[in-house]
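This is the structure I want to talk about, given as structure tokens.
Start at 1 and go down the list; that is how both ligands and their atoms are numbered.
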Amino acid sequence: MKKIGVIGTGYVGLVTGVCLSELGYVVTCVDADKDKINALNEGVSPIYEPGLSELIISNLNRGRLSFVNDIDLLAGSDLVFVAVGTPDKSSGEADLSQVDRAILGLMKVFDAESGPVKVVMKSTVPVGTGDRISRQFISEAPWIGYVSNPEFLREGSAVYDFMNPDRVVVGAHNPGDAKEVADLYERLEAPLIVTDVVNAELIKYASNAFLATKISFINEIANVCEEVGADVNIVSHGMGLDPRINPHFLKAGIGYGGSCFPKDVKALKQIAGSNGYHFELLSAVIEVNEMQKYRVVSKLHQYLGCLEGKKIAVLGLAFKPQTDDIRNSVAIELLEILLNKGANIVATDPLAINNVRKYLPDVTYTDDPYDAAAGAEAVIIATEDPIYADLKWGEILHRMANNLVIDGRNILFAEDLPSGIVLEQIGRRSKDRPAPVDYDSDFEELRRIA
Ligand SMILES: NC(=O)c1ccc[n+]([C@@H]2O[C@H](COP(=O)([O-])OP(=O)(O)OC[C@H]3O[C@@H](n4cnc5c(N)ncnc54)[C@H](O)[C@@H]3O)[C@@H](O)[C@H]2O)c1
């Protein structure tokens, strides 16, 4: 049975290591963060993912999974996955310092005597990175092979996605190296794409950029809907029935966030630019996304005027449901905007409060959405979490000081709400909106202030 190493125990590395051990491989995961490793060895996952804790504990007990702090302990591995972070720099370019450190560390661990090993890149790295690292291996450590194996899992369903992938993409210069990695996934019976490294790298960026483009497109349609009096939910439903379009990622809202889409879209734009091509469309995708959250701010102003001293409840902090990840969460960006306007914010989330508290101490936090709503002038739904659709909205209204609900994720149905609630959504003109509505000038003003 193959011995596998994984560098990085974040959302991708931990799920990869744990799922490969579940598939029967002997896996050693290494992370530079000692606290994470200590917790993992106690069977405690540092992140929330459905089903992950159970798999960590069962595979630790089977002796197929171990967590270490020292990269030297990966010696003897047949394959080493690299799943470290590739955050964006202020220029939009991907920061490869974690990747480069991991590669240098591996070149020290695997020398001419240790025998052949393959480095498998799971991190999302700019097109050309694999070729650069491969050249480094050929000249300094020719016993190390390089394979690109981008990851497509979604936080919130990462274990399921790893075990049931839409496709497995393997990019390599050497067909033998590609086969060794492809074979690891054989039991999953997923469509397999074996290609070269550049194609594999670009498949990942192109996929994320296309999904982000769909989101920004439907958000612009939503904004048009508000102007012309159409309903974006009906429009997107009608569009999505066309199989050439499909209904996925056609949900209007306050924009995409998370640790991947924002940085990957910017990185692809930057990769294209540094190779001599100006990717015009992505500039618009990014700008539309930046502005979309201001739709909520604009609606608040329209109903409440100045926000100074007004109590506002925000439901949802993570960038999506079923995760505690707040990286680039639009909800957090919204909190920052509202705090700057002097609003008193009470926020709630089922999983992410502890991660937000240290960044935004001026917000009041509660686990209970009903407590959050108490005395609030407005309630905002910022995360697309179905638990908020299932709240007793009569009780929420009863506790509020006013009656404005801004559903930034279009998860509520007006007909299910008690009368008395004024519901504003994205891309659906509210019958209660104060007239005349000078939406654009307010929006332009906000754009200028922002
Ligand atoms: N999060 C996602 O949903 C997702 C999905 C697909 C692809 N990706 C890509 O996968 C990569 C990892 O993303 P993530 O969300 O898991 O990141 P993360 O920040 O959650 O985890 C990275 C981990 O690597 C560790 N680390 C960094 N350098 C190290 C080193 N030299 N040695 C040992 N450990 C080291 C960090 O301590 C951290 O625990 C990124 O390139 C990301 O773009 C992420």
Open item on the list: Counting only heavy atoms, tell me which of Glu155, Lys204, Lys263 gets closest to atom 2 (C) of ligand 1.
Closed with: Glu155
Open item on the list: Counting C-beta onward and ignoring hydrogens, is there a side-chain heavy-atom pair between Leu79 and Tyr25 closer than 4.5 Å?
Closed with: no
Open item on the list: Check this for me: does any side-chain nitrogen of one of Lys2 and Asp78 sit under 4.0 Å from a carboxylate oxygen of the other?
Closed with: no
Open item on the list: Side chains of Met291 and Asn219, heavy atoms from C-beta outward: is any pair under 4.5 Å?
Closed with: no
Task: Side chain, backbone, both or neither: the part of Ser123 lying under 4.0 Å from ligand 1 by heavy atom - done: both
Task: Numbered atoms and elements of ligand 1 in range of Glu151, under 4.0 angstrom, heavy atoms - done: 6 (C), 7 (C)
Open item on the list: Does the plane of the ring in Phe137 sit parallel, tilted or perpendicular to the ring in Tyr146? Use 30° and 60° as the thresholds.
Closed with: tilted
- [ ] Check ligand 1 against Lys36 and write out every atom of the ligand that is under 4.0 Å from a heavy-atom position of the residue.
- [x] 38 (C), 39 (O)
TODO: Could you tell me whether some N/O pair between Asp264 and ligand 1 is separated by less than 3.5 angstrom?
DONE: no
Open item on the list: Would Val12 count as a polar contact of ligand 1, with the cut-off being nitrogen or oxygen pairs under 3.5 Å?
Closed with: yes
Task: Short N or O distance, Ala83 and ligand 1, threshold 3.5 Å exclusive - done: no
- [ ] With heavy atoms under 4.0 Å as the rule, classify the contact between Thr86 and ligand 1 as side chain, backbone, both or neither.
- [x] both
Task: side-chain contact (heavy atoms from CB on, under 4.5 Å) between Val15 and Asp161, worked out - done: CA-CA 10 Å; Val15 171; Asp161 290 348; over 6 Å; no
Open item on the list: Are Tyr256 and Leu211 packed together at the side-chain level, in the sense that at least one heavy-atom pair is separated by less than 4.5 angstrom?
Closed with: no
Task: Numbered atoms and elements of ligand 1 in range of Ser259, under 4.0 angstrom, heavy atoms - done: 1 (N)
- [ ] Note the single closest protein heavy atom to atom 24 (O) of ligand 1, along with its residue, its atom name and the distance in Å.
- [x] Gly8 CA, 3.4 Å
- [ ] Can you spot which of Val147, Ile133, Asn149 makes a side chain to side chain contact (heavy atoms under 4.5 Å, CB included) with Met121?
- [x] Ile133
- [ ] Specify the protein heavy atom at minimum distance from atom 33 (C) of ligand 1: its residue, its atom name, and the distance to 0.1 Å.
- [x] Ala32 N, 3.2 Å
Task: atom 25 (C) of ligand 1 [closest protein heavy-atom partner, distance rounded to 0.1 Å] - done: Asp31 OD2, 3.3 Å
Open item on the list: Could you tell me, atom by atom, which parts of ligand 1 come under 4.0 Å of a heavy atom of Gly10?
Closed with: 16 (O), 18 (P), 20 (O), 21 (O), 23 (C), 39 (O)
- [ ] Classify the contact between Met121 and ligand 1 as side chain, backbone, both or neither, using a heavy-atom distance cut-off of under 4.0 Å.
- [x] neither
Task: Donor-acceptor contact present, side-chain Gln270 to main-chain Ser91, <3.5 Å - done: no
Open item on the list: I need the atoms of ligand 1 closer than 4.0 Å to a non-hydrogen atom of Cys260, numbered in the order shown.
Closed with: 2 (C), 3 (O), 4 (C), 5 (C), 8 (N), 44 (C)
Open item on the list: To check your reading of the model: name the closest protein heavy atom to atom 26 (N) of ligand 1, its residue, and the distance in Å.
Closed with: Val84 CG1, 3.7 Å
Open item on the list: Under 4.0 Å between a side-chain nitrogen and a carboxylate oxygen: does that hold for Lys179 and Glu186?
Closed with: no
- [ ] Report yes if some heavy atom in the side chain of Ser236 is under 4.5 Å from a heavy atom in the side chain of Lys251; otherwise report no.
- [x] no
- [ ] Using a strict cut-off of 4.0 Å, indicate which atoms of ligand 1 neighbour a heavy atom of Arg327.
- [x] 15 (O), 17 (O), 18 (P), 19 (O), 20 (O)
Open item on the list: Side chains of Val82 and Leu106, heavy atoms from C-beta outward: is any pair under 4.5 Å?
Closed with: yes
Task: Ligand-residue contact atoms, ligand 1 with Gly85, heavy atoms, under 4.0 Å - done: 22 (C)
Task: Nitrogen or oxygen of Thr124 less than 3.5 angstrom from that of ligand 1 - done: yes
Open item on the list: Return the closest protein heavy atom for atom 27 (C) of ligand 1 as residue, atom name and distance.
Closed with: Gln98 OE1, 3.0 Å
Open item on the list: Donor-acceptor pair, distance only, cut-off 3.5 Å: does the side chain of Glu155 make one with the backbone of Thr323?
Closed with: no
Task: Sidechain N-carboxylate O distance under 4.0 Å for Lys263, Asp95 - done: no
- [ ] List every atom of ligand 1 that sits less than 4.0 Å from any heavy atom of Ile7, numbering the atoms from 1 in the order shown and giving each element.
- [x] 32 (N), 33 (C)
